[in-house]
Amino acid sequence: MAKVRTRIAPSPTGDPHVGTAYIALFNRCFALQHGGEFILRIEDTDQSRSTARSEQDILNALRWLGLDWAEGPDVGGPHGPYRQSQRSDIYRQHINVLLEKGHAFHCFCTSERLDALRAQQMENKQTAGYDGHCLSLTRAELDANLAAKVPHVVRMRVPDTGECVFHDRLRGEIRIAWEQIDMQVLMKSDHLPTYHFANVVDDHLMEITHVIRGEEWINSTPKHILLYQHFGWEHPQFCHMPLLRNPDKSKLSKRKNPTSISYYRDMGYMPEAMINYLGMMGWTMPDGREKFSIGEMQAAFDIDRVSLGGPVFDVAKLDWLNGKYIRENLSAEGFAEAFSKWAFSPEKIQKIIPLLKDRVERFSDVVPLAGFFLSGLLPVSASDFEHKQLSPEQCRKILQLCVWQLEQIQDWSRESVEQVCQRLAAFLGIKIRETLFPLFVAITGKAVSTSVIDSIYILGLDVGRARIRHAIEVLGGVSKKEVKELEKSLRELQSFSLPEIG
RNA sequence: GUCCCCUUCGUCUAGAGGCCUAGGACACCGGGUUUUCAUCCCGGCAACGGGGGUUCGAAACCCCCAGGGGACGCCA
């Protein structure tokens with residue numbers, strides 16, 4: 001039997017997500033337990049959303065958790081490159097194979113036509129999908145379009161009758177009718193592949209034997225199987241894990257829960273506890289032990305014992321586990337070391353010191369002034385937000401619009417945070433000093449503190465967002481009706497342009 | 001709307017037809033230890049979604065229903 005090889009294939013389009021770590025953990029345990037290899041591949045075919053920063057953050061986060069990989073963009077390996085944006089030639093060759101064999105075809109349809117088509121299909125209560133328009137192009141029309149360099153994509157041909165039957169390691173036989181499967185775009189008009197295509201080509205070339213991924217991919221598995229068949233390749237074994245959930249059972253999302261691994265790092269969780277907690281989502285040690293290391297998990301791992309109900313990510317239980325790790329796994333020296341590393345990283349300290357140096361008269365003033373930099377959620381109450389000009393409603397509005405805008409920031413910097421605040425104040429027609437008031441209380445716990453803009457910047461989006469959200473809750477929360485109004489304001493704010501300062 | 005997946009305490013789960021008057025953990029409540037608090041210890045609360053089968057016997061197997069979730073992009 002071939003050596004077991006599994007992979008994690010994150011897309012560098014945002015924060016390092018706990019769901020990525022979760023899937024990586026199970027892939028890694030499975031591979032290493034079978035004496036195989038676990039590798040990492042970066043799926044950065046979405047040029048508009050992928051960033052080098054995000055890629056680096058994801059790599060750092062996974063390493064922090066101890067989920068290291070045998071091959072990857074940073075460590076190399078025999079199946080490289082491990083970044084899809086550097087594999088264009090490979091995809092081009094492979095798309096040509098499909099084109100030649102007639103398994104794929106050029107499509108010149110405009111997005112306007114496709115949108116209209118989809119809308120009509122939805123209205124007629126049909127399954128939405130491509131109607132095969134460009135399939136009927138004559139050879140001459142096709143050549144003319146290509147010669148004229150009309151923008152186009154390449155789509156996959158799909159059988160129109162019968163069904164795709166495949167085996168999922170955890171779920172058994174799954175059958176999906178081919179008529180449910182769209183003629184998926186394989187190559188976009190920017191000549192980069194889509195996920196479905198690149199993923200299949202790479203998994204094959206990288207000799208992946210087991211694809212362990214989230215449940216959200218079940219419905220597109222027939223597309224993948226079809227591609228393997230078109231190429232004449234054997235497909236890997238599929239294994240769809242349950243999805244991590246918010247407390248309301250929806251798919252874990254940052255709108256409802258902190259999902260960034262960086263958040264948990266910044267809040268002072270230990271990586272060992274984090275990984276242990278993820279390991280008990282859908283899985284248990286055969287002997288029922290709840291506290292276990294990644295090595296112990298790997299040794300005892302049995303993928304067939306994964307349970308399929310979507311587990312709710314429960315921060316309360318994570319807190320308990322993390323406390324247990326701190327108590328039981330750290331000596332006094334170990335604690336001192338880990339804590340200092342967390343609290344006083346030179347990088348963080350260098351940013352904080354300038355905010356303090358000119359405001360303190362004694363070193364003993366530092367903790368009362370800047371302790372909020374080393375805190376999680378702050379003990380604020382509604383009365384802390386009382387203000388002679390701002391009502392609680394206005395405070396909530398400022399806070400909510402501010403988080404939404406902070407979330408939009410592409411390059412996190414002091415300047416971009418400042419710009420968000422300035423724009424918000426101008427938009428609301430409230431003086432910047434007043435606009436910043438609820439933010440001061442939410443972020444620093446006090447109405448008077450170090451620059452709140454710098455503080456937000458230094459604390460980062462994850463912790464900042466958590467505190468602002470907490471403040472909104474303390475202020476009574478936003479009702480469904482209020483959310484609608486706020487979303488309307490947000491749209492106005494987004495199209496609002498800052499008046500020129502003369 | 002169409003298709004797919006899932007369903008044991010509030011939450012994470014154990015459970016492979018009789019060991020189940022369903023076990024453990026978190027949370028919560030009570031008690032003990034502790035100068036306080038936390039830790040620690042002890043106790044309590046609390047679940048097989050519903051209906052049909054199969055079987056001597058069903059939480060477990062089958063079917064239907066309901067509920068939850070996901071997918072239907074030139075995003076991944």
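Chain identifiers are assigned alphabetically (A, B, ...) following the order of the sequence lines, protein sequences preceding nucleic acid strands; residue numbering begins at 1 within each chain.
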Please tabulate, one pair per line, all N/O donor-acceptor pairs under 3.5 Å involving side-chain atoms of residues 267-281 of chain A, not counting sequence neighbours.
| from | atom 1 | to | atom 2 | distance (Å) |
| --- | --- | --- | --- | --- |
| A:Tyr269 | OH | A:Asp319 | OD1 | 2.5 |
| A:Asn276 | OD1 | A:Phe292 | N | 2.9 |
| A:Asn276 | OD1 | A:Tyr325 | OH | 2.6 |
| A:Asn276 | ND2 | A:Glu290 | O | 3.0 |
| A:Tyr277 | OH | A:Asp314 | N | 2.7 |
| A:Tyr277 | OH | A:Asp314 | O | 3.2 |

Only distances under 3.5 Å count here; give the side-chain donor-acceptor pairs of residues 145-155 of chain A to other protein atoms, sequence neighbours excluded, each with its distance to 0.1 Å.
| from | atom 1 | to | atom 2 | distance (Å) |
| --- | --- | --- | --- | --- |
| A:His152 | ND1 | A:Val150 | O | 3.0 |
| A:Arg155 | NH1 | A:Met183 | O | 2.8 |

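Contacts between residues 304-324 of chain A and RNA chain B, defined by a heavy-atom separation under 4.0 Å, are made by A:Ser307, A:Leu308, A:Gly309, A:Gly310, A:Pro311, A:Val312, A:Asp314, A:Ala316, A:Lys317, A:Trp320. Residues from residues 241-251 of chain A with heavy atoms under 4.0 angstrom of RNA chain B, sorted by number: A:Leu243, A:Arg245, A:Lys249, A:Ser250, A:Lys251. Near RNA chain B, meaning a heavy atom under 4.0 Å from it, residues 213-223 of chain A has A:Glu215, A:Glu216, A:Trp217, A:Ile218, A:Asn219 in order of number. Heavy-atom distances under 4.0 Å link RNA chain B to A:Gln180, A:Val185, A:Lys188 of residues 177-188 of chain A, given in residue order. The stretch residues 41-65 of chain A comes close to RNA chain B through A:Glu43, A:Thr45, A:Asp46, A:Arg49, each having a heavy atom under 4.0 Å from the strand.
Residues meeting the side chain to side chain contact (heavy atoms under 4.5 Å, CB included) test with A:Trp342, sequence neighbours left out: A:Phe339, A:Leu374. Among residues two or more places apart in sequence or in another chain, the ring-ring contact (aromatic ring centres under 6.0 Å, His included) test is passed with A:Tyr195 by A:Trp217, A:His224. Among residues two or more places apart in sequence or in another chain, the salt bridge (Lys or Arg N to Asp or Glu O under 4.0 Å) test is passed with A:Lys249 by none. With sequence neighbours left out, A:Lys256 forms a side chain to side chain contact (heavy atoms under 4.5 Å, CB included) with A:Asn246, A:Asp248, A:Ser250, A:Ser253. Contacts of A:Thr284 classified as side chain to side chain contact (heavy atoms under 4.5 Å, CB included), with partners at least two apart in sequence or in another chain: A:Arg305.
Nucleic acid contact for A:Cys109: base, since at least one base atom lies under 4.0 Å from a heavy atom of the residue.
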